[in-house]
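Side-chain atoms are counted along with the backbone in the values below, which use heavy atoms only and exclude waters and symmetry mates.
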Amino acid sequence: MMSEAEAMGVQRELSQRVIQHDDLPRPVRIIAGADVEYDKHSDRIAGAIVLLDADTKAVLDAATHVMTASFPYIPGLFSFREMPPLLEAYQKLRLRPDVIVCDGHGVAHPRRFGLACHLGLELNVPTVGCGKTRLIGRYDDLALERGATAALLDEMTGDRLGLALRTQTGINPLFVSVGHRVSLGTAAQLVLSMCDAVRLPETTRQADKYAREALEAAIH
DNA sequence: GCGACAG
DNA sequence: ATCTTGTCGC
């Protein structure tokens, strides 16, 4: 298995190839969600990618893959654990997405190479990082209203890593960052467009559901 | 006692 | 649906 040091080297190398500006089909018609679910009692994991109609949010296609985790959970090396089942699931899809919203960060990462970057680069598909909790960076003065944003800043370098995005008024924000081939502004727009009356985007909710069902079916 | 750590 | 508390490691 790849060592931690090797994995970090891979991240530093590949991060050079991340594209941070818009290079995706417009308008976006098919938007995907990607998520991985874990079994509490074993190292079985299930990845799911679900394709939604960007306008109606109807599920157009979905694929899952259950396997044994080949890499431990280490903050910052998340993608080495979650990528394998997601790549397998992606190959099973019948349609191709215009963009994938990932359940994890993009460049809001210590080496600017979170799961969304890794998946986007590997598949050469536009991706957005959308985490539920912060990995690095700080923000303040985030207004309460739905749609409000605050820059997520690296405390040491001052780099803008992404945005804290309020998807519902008065509810804790999500953390949006560039994955690959999508600008930060577009990323935030896409995520917000997938949130109706709930905190999480429909892409993430559907992917989570499919992954959980696949894992459940594989174990029982 | 204190705390930074995606899932 | 969302948040948080207790817990563990340092």
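- Summarising the geometry, the separation between CZ on Arg134(A) and P on dG7(B) is reported as 12 Å, rounded to the nearest angstrom.
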Dot-bracket encoding of pairs in DNA chain B, which uses [ ] for pseudoknotted crossings and | for another strand, Watson-Crick or G-U under 3.5 angstrom | |||....
Using atom types as modelled, flag every donor-acceptor pair under 3.5 Å from a side chain in residues 187-198 of chain A to any protein atom, sequence neighbours excluded.
| from | atom 1 | to | atom 2 | distance (Å) |
| --- | --- | --- | --- | --- |
| Ser193(A) | OG | Leu190(A) | O | 2.7 |
| Asp196(A) | OD1 | Lys57(A) | NZ | 3.4 |

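- In this structure, CG of Asp43(A) is placed 15 Å from C1' of dG7(B), rounded to the nearest angstrom.
- Within the 3.5 Å criterion, the main-chain N or O of Ala69(A) finds no donor-acceptor partner in the side chain of Arg44(A).
- Base pairing of dT5(C): no nucleotide in any strand meets the Watson-Crick or G-U wobble criterion (both distances under 3.5 Å).
- Atoms CD (Glu4(A)) and C1' (dC5(B)) sit 13 Å apart, rounded to a whole Å.
- Between the P atom of dG7(B) and the CG atom of Leu86(A) lies a distance of 14 Å, rounded to the nearest Å.
- Computed from coordinates, the His109(A) NE2 to dA4(B) C1' distance equals 14 Å when rounded to whole Å.
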I'd like a table of atom pairs between the protein and nucleotides 1-4 of chain C - only N or O on both sides, under 3.5 Å - with the distance next to each one.
| from | atom 1 | to | atom 2 | distance (Å) |
| --- | --- | --- | --- | --- |
| dA1(C) | OP2 | Arg205(A) | NH2 | 2.9 |
| dT2(C) | OP1 | Arg199(A) | N | 2.3 |
| dC3(C) | OP1 | Asn172(A) | N | 2.8 |

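- In this structure, Phe175(A) places its CZ atom 15 Å from C1' of dG7(B), rounding to the nearest Å.
- With hydrogens and angles ignored, the 3.5 Å screen pairs no side-chain donor or acceptor of Arg146(A) with any backbone N or O of Arg166(A).
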